[in-house]
Amino acid sequence: MTDTPVTDAHDDIDEDRRNFIHIVTGMAAAGGVAVIAWPLIDQMNPAADTKAASSLDVDISKVPEGGEIRVLIGGQPFFIRHRTQAEIASARNANTQSLRDPQTDEERLVPTPDGAYNPAILVTSGVCTHLGCVPVGPAQGNVGDYGGWYCACHGSHYDTSGRIRKGPAPSNLPVPDYRYVSDTVINISL
Amino acid sequence: MSGHESTYEPKTGFEKWLDTRLPLPRLVHDSFVDFPTPKNLNYWYTFGGILSIFLVIQIVTGIVLAMHYTADVDHAFASVERIMRDVPYGWLLRYVHANGASFFFLAVYVHMFRGLYYGSYKAPREVLWILGCIIFLLMVATAFLGYMLPWGQMSLHGANVIVNLFGAIPLVGEGIKTWLLGGPSIGNATLQRFFSLHYLLPFVIAGVVILHVWALHVPGNNNPTGVEVKDTRKDTVPFHPYYTVKDGFAIVVFLLIFAAFVFYMPNVLGHADNYVEADPLVTPAHIVPEWYLLPFYAILRAITFDIGPIDAKLLGVIAMFAAIAVLFVVPWLDTSRVKSMRYRPVARQFFFGFVAACLLLGWVGASNPDDPIIPLGSDKLVVEYSDENGLAAARTFEVYDEAAAFRDGLGEEAGASMAVQKAPAFTFLHLGQILTLYYFAYFLVILPLLGLRERPDEEPDSIHKSVLAREPSAGTPIAQPAE
Ligand code: HEM
Ligand code: FES
């Protein structure tokens, strides 16, 4: 035993194989960490019930003419407005070319089951496109200079089609994804 | 300092037994009792001790508040009101916790300005400085999360503004936002995770504080002269009793001021809107963060212009984070060999300018960006109408009566409307932009260039000599302190 030099044992070591094993072990461990980390990260995404609650049926026959109702879907506000003839006319007559975000009133409506349009009902998001405040409307007694909505945070005026007319907001109040389930019920989804 | 020999002597049998197993008493003795500390530290150096006390205050009051608090959108606001009205001493615990956050930030800002003035970030203390910046970042996160918990109007809509900023990040922004919120907008999932993390982060802070103190005790304290300790016997005194007493005195004075707020004006630092329960359908007229985040809010809003493909909103977010990120690299931006601004007469002026800029940014952050500071003219009235050819026309008036008469004189078909045209003015936005420019210029231009070009005053040879020079009589002691 004693006459075998200690160094001999080391001469047999194949450094390449050792490195290979180090790298493979490290990669396997990193893979394991990633597999465990993913559930920990993904659990923060919207849960199934939260996602399921992301659409809503709204009975539009209850909205008084000239008024609006506001609904929350997943915490986000939406406006459903029953426009008067005058409001529809002013929305249609606006010169869309000169607008910041040109859109005709028709482009901001969706057809009813029979393919016609119901211009009396306008559905828009209730989030100002500037910095996310909720504009005030007919129920709050201030419809802004263009008869639609007014965002008091930094003074954005929206017209009766929910289009931006004045103030810092860059674009129109978005029209959400919705469809007519029947003549009196719409389904809005996020 | 590391390298100074341990003077701990275990006295009792138990102490000897423990010393060979877990020498914790030795660590405490060498770190906080017989730790050689420069003998010229002034009161600006007591804020580290104050900060430690406030971390403990926040953790202790927080843990007991959590015994009564309910993290649920339907109950959170009511549970905080219950703490205020029904829980024994609940009002005290909550006021201490809410004002404690403010005083924690007040102390940390003084502490950081102190570091910037005396050059405490320079070699060999870069790691110490960076750990401090990490603590600050964690404090900002903790306070932001905590402010959501009472579920008032400002809690919800303030958080909304900040969370929406993530939406400005191209491609992944919306995904990150949804992931942070756990739903399409701030809701119950958000409140619960904010509470969980608000509970966690202070303990992470406590961990980083331990590293911070460790990194302090390797090179030892900096001091107002910026000259390193040369002779431990002459330049330093033991931490106890000299600095335990000095720190203790400062802590008591600071706590007295704190108590004045807690007992006599517990709500002046808060917002009345936060006593209204959160309502996603109604936005408060002025959304502002807590005072200690106002300067960063002002920087965020100062960027109103696009640069190339990057739009203003994203640039604002980048600028806000850069304002904190730049602190991490100060040790490499300041090129001067002289640490303390005491001996840098020119740099000192810029430093005071920097402090003023930060305070003014706070003022800007609290104000409406479009409000005038210096009006350049007076507001006018504009009547817009369509003329007889049906073309858009407008006329401007100085006086309301004339404008109204003109409008009423036009026919129905002219569709006239009247609006105020704001006079040009030097607004809070402009001030904010100038101050933001100075904020970044201080770090990125002034500190790097000045260090190379300025001519500093002569530094003292040692801490000991500088103390003697300031008190000539100290060289010939007249009265000896009683032993
Ligand atoms: C770094 C330390 C901490 C800071 C800066 C901090 C900050 C804050 C802030 C700003 C609020 C809102 C206060 C208000 O307006 O009502 C808050 C609330 C709260 N914090 Fe903390 N906190 C800290 C540590 C903790 C810890 C360790 C806990 C333990 C669970 C905790 C539990 C709570 C609870 C339950 C509330 C809601 C009750 C209330 O609003 O007063 N905090 N915190
Ligand atoms: S958020 Fe509506 S105008 Fe700014």
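Residue numbers begin at 1 in each chain, while the letters A, B, ... track the order of the sequences.
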Report the option among [options] that has the most heavy-atom pairs separated by less than 4.5 Å from atoms of chain B.
options: A:Asp145, A:Ile41, A:Val136, A:Val127; value: A:Ile41
options: A:Met44, A:Gln140, A:Lys51; value: A:Met44
options: A:Leu72, A:Ile73, A:Asp42; value: A:Leu72
options: A:Pro46, A:Ala53, A:Pro135; value: A:Pro46

(request) Please state whether the side chain, the backbone, both or neither of B:Ile287 comes within less than 4.5 Å of a heavy atom of chain A. (result) side chain

(request) Tell me, for B:Pro369 versus chain A, whether the close heavy atoms (under 4.5 Å) come from the side chain, the backbone, both or neither. (result) neither

(request) Under 4.5 Å heavy-atom distance to chain B, tell me which part of A:Thr50 shows up: side chain, backbone, both or neither. (result) side chain

(message) So for A:Lys166, is it side chain, backbone, both, or neither that comes closer than 4.5 Å to the heavy atoms of chain B?
(response) side chain

(message) Can you give me the closest heavy-atom contact between B:Val163 and B:Leu181, atom names plus distance?
(response) CG1-CD2, 3.5 Å

(message) Less than 6.0 angstrom separating the ring centers of A:Phe78 and A:Tyr178, yes or no?
(response) no

(message) Within the 3.5 Å criterion, strictly below it, is a donor on B:Thr304 or B:Gln433 matched to an acceptor on the partner's side chain?
(response) yes

(message) Less than 3.5 Å apart, any donor N or O on the side chain of A:Thr112 or A:Asp183 sitting next to an acceptor on the other?
(response) no

So [Y] and [X], do their side chains get closer than 4.5 Å, heavy atoms only?
X: A:Arg81; Y: A:Pro138; answer: yes
X: A:Ile80; Y: A:Ile121; answer: yes
X: A:Pro77; Y: A:Arg70; answer: no
X: B:Leu429; Y: B:Arg301; answer: no

(request) Assign the ring pair A:His157 / A:Tyr150 to parallel, tilted or perpendicular, where the plane angle (0 to 90°) is split at 30° and 60°. (result) tilted

(request) Over 60° means perpendicular and under 30° means parallel, so classify the ring planes of B:His271 and B:Tyr147, tilted if in between. (result) perpendicular

(message) Heavy atom to heavy atom, less than 4.5 Å: which residues from residues 186-197 of chain B reach chain A?
(response) B:Arg193

